[in-house]
Amino acid sequence: MTRESVAALVLLLMVCLPLTAGQPELPDDSVYQLGGSWTKHNGQQLELAELAGRPRLVSFVYTYCEHTCPTIVARLKLATDGLEGSIADDLQITLVSLDPQRDTPQRLQTYMQEQGLDERGWLMLHGDPDEVLGFAAMLGVRYRPMGERDIAHSNMMTLLDGAGVVRYQSKGLGDDPADLAEAISQLASEEQ
Amino acid sequence: MGSVSVRECRFTKKRLFCSAVISAALVAFSAFADAELPVIEAVLTAAPQVPPPIDRDHPAKVVVSLDTTEQVGRLADGVEYVFWTFGGTVPGSFIRVREGDLVEFHLNNRPDSKMPHNIDLHAVTGPGGGATSSFTAPGHTTQFSFTALNPGLYVYHCATAPVGMHIANGMYGLILVEPEEGYPPVDREYYVMQSEFYTKGKFGEEGLRPFDMDEALSENPDYVVFNGSVGALQGDNSIHAEVGETVRLYVGNGGPNLVSSFHVIGEIFDTVYVEGGDLVNHNVQSTLVPAGGSAIVDFKVEVPGKLHLVDHSIFRAFNKGALGTINVSGDANTVVYSGQQYEGIYLPEGQAEQLVGDAHDAPASPTATSKEERILFGSRVYERNCLACHQSQGQGLPGAFPPLAGADYLLNDPKHAIAVLLEGLSGEIEVNGVTYNGVMPAVRLTDEQVANVLTYVLNSWGNDGGVIEVADVAAYRESR
Amino acid sequence: MQQGMVRIEAGGYTPLFRDEGGPPFIAVDAFLLDQYPVTNGEFARFVASEQRWAPQNIKPVFADSNYLAQWREVAPQGLEGIENQPVTNVSWFAARAYCDWRGKRLPNVDEWEYVAMASEEAPTVGDDPDFQARVLQWYSTPAITRLPDVQDTWRNYWGVHGLHGVVWELVNDFNTALVSGESRADSELENSLFCGAGAAAAVDPSDYAAFMRYAFRSSYGARSSISSMGFRCASDVPGAKGVNP
């Protein structure tokens with residue numbers, strides 16, 4: 001094998017790895033290094049590292065939220081609605097529930113249906129409180145129960161590439177949606 | 001006035017310009033500007049020095065890198081304090097940029113800091129003046145950028161909770177945004193910033209003095225100083241100018257609580273940029289500098305000697321440290337100021353009545369020969385000595401000074417009033433069911449005057465009469 | 001009870017920020033707390049056993065580059081001289097992993113603040129201005145380069161050493177401090193940054209020491225390693241009501 005072809009193969013592997021099924025080696029700066037077990041809205045178990053392989057837009061919400069959560073969900077819809085090419089298929093919006101007690105997987109499933117969130121483009125995650133705390137801390141999300149029913153929390157949206165490396169974070173609703181769009185198209189161009 | 005209206009026109013023009021394009025173009029502009037602008041490392045200076053004037057005619061990207069530190073330093077001779085600083089000094093480093101510059105700000109919190117810090121620059125248009133974007137844990141660094149939209153002299157300070165304490169410990173400084181056309185050139189520029197310190201212990205009490213929360217809350221500092229410590233602008237640290245030169249002071253007030261009545265003894269400010277903004281005033285003696293505010297003052301020094309910078313809330317200057325000195329050297333100009341030309345004895349015509357130390361030797365007042373005369377003479381004594389507090393109808397001032405009219409405290413034992421007049425009174429007393437807790441000083445009166453004024457009081461405003469005789473007063477003095 | 005831990009009886013405390021409509025007093029169940037902060041020596045034993053947390057192996061998502069920086073300075077001599085000092089420059093992830101390894105957990109904010117109210121003589125000092133002044137004075141003193149051995153630190157009513165006056169301490173739910181870095185507006189949630197209604201009012205605006213701890217907790221992230229920040233572990237009392245954060 002020539003040096004060029006080895007290089008080409010390595011390059012090919014590097015490009016393809018995040019997209020291949022199975023468990024590729026995660027880079028050191030992947031948030032999926034955290035590990036941990038979760039349950040999907042459809043009841044299936046999931047190791048955090050299995051989220052690798054597709055780029056993701058991650059937000060933390062809870063389904064009974066009456067404040068800005070609906071706005072976040074709307075923002076996420078907007079951010080992905082006009083996408084074209086492979087990124088449109090690959091990018092999966094991932095909503096992590098901050099309220100594991102009330103947001104059972106069944107409740108998450110119902111919420112997806114109510115909101116018209118399709119399974120290809122959206123994923124909701126249920127985890128035990130400790131896992132939620134760890135993942136939130138990893139992404140810089142702050143949250144705190146307020147009163148009986150509410151959980152105050154950061155309005156963050158995090159764009160992860162297929163390997164789980166943070167590519168962009170919108171800290172709040174005041175950030176320009178164009179910045180998120182630009183980060184997504186940058187990611188799309190790398191995937192071509 | 002001419003220059004003011006020119007600035008207004010320009011300002012108005014800019015406003016129009018801004019409102020038309022700011023929302024659409026600002027993001028694009030900054031991205032564009034970032035790529036195109038020359039990059040300059042900001043010159044930072046410690047007070048009283050100021051970075052050199054900006055001679056650019058175009059905007060630039062100015063990189064400012066400022067450390068936050070926590071360190072022990074000198075507050076006064078023998079007195080140390082743990083200062084929290086921007087750039088290792090109090091006040092913090094002077095930052096100088098030009099209107100329209102893109103400022104890339106790096107805040108570095110030293111690893112040995114115990115506190116997180118951030119920075120709110122009043123020159124920033126944006127949330128928290130940058131505080132939100134610059135919140136920095138010890139051993140970490142943060143970066144944000146802003147465009148200096150408005151020219152002027154601005155305070156910056158730390159805005160981390162508890163904000164008051166971060167400021168009280170020294171976290172403030174000045175950032176100058178020069179207008180595009182610059183300020184008129186002067187010969188010398190200096191950086192002066194006033195602030196207060198609240199310490200456990202009194203002014204001058206030696207040792208390492210910790211912050212005193214109670215004093216800060218009651219806004220009662222032990223120290224009010226220029227440039228971070230007593231004497232920072234005096235003696236060897238005085239600032240200097242030559243006769244005939246123009247001097248500009250960039251004056252800031254870090255507070256945290258007090259407003260400064262900034263004044264230079266022996267000078268008149270030819271020009272004041274009021275509150276550091278566009279409004280120009282001339283021929284000003286003292287200018288107010290708000291806490292968290294500034295002023296730019298220009299003056300020409302005409303004669304040699306020492307000019308003293310003070311906060312003309314004058315006890316702060318002479319008892320708490322708010323003093324600085326400008327040494328002006330050069331030739332005297334006796335037309336502007338002559339110096340002393342004569343000293344001698346002054347003997348006015350018709351010698352003024354002399355006050356003497358002992359009331360017994362006070363000049364004779366008229367001697368009453370009847371109760372009516374006592375009341376008449378007593379009313380004059382009352383007007384001079386009592387009326388200010390107890391009021392014209394003896395009604396007193398609710399909450400402060402008790403009434404004399406119909407006052408049970410007085411009328412139940414009129415002779416006790418002699419003691420009150422001669423000895424003074426302090427502590428709680430109850431008058432007509434109301435408690436007063438004030439101080440009445442001893443009044444320096446002759447026995448005759450005491451008898452007269454008390455007789456007047458006992459026979460006025462519905463009080464039911466009685467006479468105090470001179471003998472009663474003398475008897476009390478004997479009994480002491 | 002695990003060795004080196006003391007039992008903290010049930011009680012409660014008044015938090016710095018009181019949520020609108022929320023309770024002014026937060027109850028805390030009985031729990032166990034390490035008597036001393038975790039030391040460099042103890043942490044070295046953890047790292048020797050769980051090599052992924054060693055300074056040379058730790059992934060950058062779990063700690064920033066200050067991680068265990070004090071070990072670099074003394075590296076040739078092992079940990080000589082600092083073995084019994086509180087370990088600092090540890091990230092929240094690493095502290096959590098340590099406590100997990102010991103079969104414990106990090107204390108939560110409520111637990112930590114409750115224990116921090118105790119003076120030498122009483123579990124709650126109330127308004128003792130002397131005690132508050134002492135705590136405040138430590139906060140306003142620059143960080144010391146040479147930390148004391150944990151045994152030599154101040155002991156409070158519960159037998160807990162060094163809670164004040166040595167290092168800041170990590171808590172499990174540090175990220176419940178919802179701030180924007182703009183401390184003056186933090187009594188109300190910044191609506192663009194945080195989802196939630198209502199305001200939280202500071203119960204005692206003059207409790208500067210509590211403000212400082214709150215500000216400190218909101219200044220660091222889960223990766224932050226800070227030279228004046230250490231930790232200790234807690235655990236539930238078997239049978240006591242759960243006190244999950």
Side-chain angles (χ1 to χ4, degrees), chain B residues 68-73 80-85 107 109-120 126-142 144 157-170 198-200 208-214 216-218, chain C residues 16-17 64-67 69-70 88-89 91 129 132-145 165-168 174 177 179-187 190 192-193 202 204-221 223-229:
Chain B
T68 52
T69 75
E70 297 164 9
Q71 60 196 63
V72 176
E80 290 188 312
Y81 190 81
V82 179
F83 294 99
W84 298 355
T85 83
L107 193 70
N109 194 359
R110 294 251 180 100
D112 58 357
S113 290
K114 204 176 269 168
M115 294 293 154
H117 298 294
N118 63 9
I119 191 166
D120 169 352
T132 320
S133 313
S134 60
F135 195 37
T136 312
H140 291 74
T141 181
T142 55
F144 68 101
H157 62 89
C158 185
T160 298
V163 180
M165 188 168 167
H166 282 254
I167 296 177
N169 283 351
Y198 302 85
T199 66
K200 293 228 187 295
L208 179 62
R209 293 285 147 194
F211 169 72
D212 187 318
M213 176 79 184
D214 294 332
L217 277 176
S218 59
Chain C
L16 176 63
F17 287 108
D64 64 31
S65 58
N66 288 340
Y67 183 65
Q70 74 278 21
T88 58
N89 286 312
S91 68
Q132 289 185 354
R134 253 193 304 162
V135 173
L136 193 59
Q137 192 167 338
W138 175 70
Y139 290 157
S140 41
T141 307
I144 38 178
T145 42
V166 188
V167 288
W168 300 103
F174 75 98
V179 298
S180 55
E182 166 53 286
S183 304
R184 294 153 297 182
D186 283 337
S187 61
E190 172 69 58
S192 75
L193 293 177
D204 178 5
S206 70
D207 190 351
Y208 273 26
F211 267 112
M212 287 168 154
R213 291 196 291 269
Y214 192 86
F216 193 85
R217 279 174 205 135
S218 50
S219 78
Y220 62 82
R223 300 170 63 242
S224 303
S225 310
I226 297 171
S227 65
S228 54
M229 184 167 70

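Residue numbering restarts at 1 for every chain, and letters A, B, ... go by the order of the sequence lines.
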Next item on the list: Mind listing the closest non-hydrogen atom pair of C:N66 and B:G139 along with its distance?
Entry: ND2-O, 3.2 Å
Check: Where is the tightest heavy-atom contact between B:P116 and C:A215, given as atom of each residue plus distance?
Finding: CG-O, 3.8 Å
Check: What part of C:D64 gets closer than 4.5 Å to chain B, counting heavy atoms only: side chain, backbone, both or neither?
Finding: side chain
Next item on the list: Of all the heavy-atom pairs spanning B:S113 and C:S228, show the shortest one and how long it is.
Entry: O-OG, 3.8 Å
Next item on the list: Would you mind checking which part of B:P210 comes under 4.5 Å of any heavy atom in chain C, side chain (CB onward), backbone (N, CA, C, O), both or neither?
Entry: side chain
Item checked: Considering all heavy atoms, the nearest B:K114-C:F216 contact -> O-CE1, 3.4 Å
Margin query: With side chain to side chain contact (heavy atoms under 4.5 Å, CB included) as the test, pick out the partner of B:H140 among C:S219, C:S224, C:S225.
Written below: C:S224
Margin query: To check you understand the geometry: which heavy-atom pair defines the closest contact between B:A161 and C:F211, and what is its length?
Written below: CB-CD2, 4.0 Å
